[in-house]
Amino acid sequence: MLRFEATQLVLKHAGNRPIVSNLGPTTDELWHAGHRDRNFYTYGNMGLCSSIALGMAVSTGEQVISLDGDGSLLMNLGTIATIGREQPKNLIVIVWDNEQWGQTGHQASHTAHGTDLEQVARSCSIEHTETVRDLESLEGALLQALEQEGPWFIVAKIEEAGYMPVSPIEPEMTLYRFRNSFKE
Ligand SMILES: Cc1ncc(C[n+]2csc(CCOP(=O)(O)OP(=O)(O)O)c2C)c(N)n1
Ligand SMILES: [Mg+2]
């Protein structure tokens, strides 16, 4: 499954829900798949995408979708434990797991060497988890997650087909647009 196609699929079903995206290609592909005010693009940081989404989930009544990355999440596994402790019903974490730190040279990450992020989530009391390897299964898991209370943790094994042009995002504008979208 290509991450770009998977991203398009998520957008197709997301409606107006906030989506937080991991740095680099995940953010670029979300921008190309469909720039919208409720996309919260992260930039430069690793390991904070799902933490930011968790903060949004506990402070709004809306369902929040996090598009995280395996390498980044491995840098802050504690966020999974915090999600398990807080049990936000309205948080859906999707991890684009290409089993590598893609952007910095495709170095194999721990998920290529036995770390199973779905099992990590389960051990942190997150009951609704899936690992999906194709678009059909991703769509099934996502539709379930949108209907049933979470937290949800979906590991999507993905591939990349080269990188798209870097998205023209400005962190300040992302924050401005995103905050304003809650006032409408
Ligand atoms: C704290 C920190 N360390 C290192 C980097 C450099 N860096 C940028 S992207 C990246 C890899 C991210 O891996 P992953 O989250 O799996 O996303 P992928 O590139 O595979 O899509 C690294 C190491 C960074 N931005 N921040
Ligand atoms: Mg990766």
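We count ligands from 1, going down the list as the structure has it; atoms in each ligand are counted the same way.
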To the nearest 10°, how many degrees is the angle Asn98 OD1 to the Mg ion (ligand 2) to Asp70 OD1? 90°
My understanding is that only one of Thr174, Thr7, Thr27 makes a side chain to side chain donor-acceptor pair (under 3.5 Å) with Ser21; could you say which? Thr27
Take a 6.0 Å sphere around NE2 of His110 and say whether it holds more than 12 heavy atoms from other residues, nucleotides or ligands. no
Does Gln87, at its CD atom, have more than 12 non-hydrogen atoms belonging to other residues, nucleotides or ligands within less than 6.0 Å? yes
Has Ser109 got an N, O or S atom lying less than 2.8 Å from the Mg ion (ligand 2)? no
Just checking, Arg38 and Phe182: is the charged tip under 6.0 Å from the six-membered ring centre and within 45° of the axis? yes
How far apart are the closest heavy atoms of Leu54 and Leu91, and which atoms are they? CA-CD2, 4.0 Å
Nearest heavy-atom neighbours spanning Gly15 and Arg36: O-NH2, 2.8 Å
Given the options Arg177, Arg179, Lys183, Asp37 meets salt bridge (charged side-chain N to carboxylate O under 4.0 Å, His left out) only with Arg177
Just the distances, no angles: every ligand 1 N or O to protein N or O pair closer than 3.5 Å, one line each.
unit_1   : atom_1 : unit_2 : atom_2 : d
ligand 1 : 15 (O) : Asn22  : ND2    : 3.0
ligand 1 : 15 (O) : Ser72  : N      : 2.9
ligand 1 : 15 (O) : Ser72  : OG     : 2.6
ligand 1 : 16 (O) : Asp70  : OD1    : 2.8
ligand 1 : 16 (O) : Gly71  : N      : 2.8
ligand 1 : 16 (O) : Gln100 : O      : 3.0
ligand 1 : 19 (O) : Gly102 : N      : 3.2
ligand 1 : 19 (O) : Gln103 : N      : 2.8
ligand 1 : 20 (O) : Asn98  : OD1    : 3.2
ligand 1 : 20 (O) : Asn98  : ND2    : 2.9
ligand 1 : 20 (O) : Gln100 : O      : 2.9
ligand 1 : 20 (O) : Gly102 : N      : 2.9
ligand 1 : 21 (O) : Arg3   : NH1    : 3.0
ligand 1 : 25 (N) : Gly44  : O      : 3.0

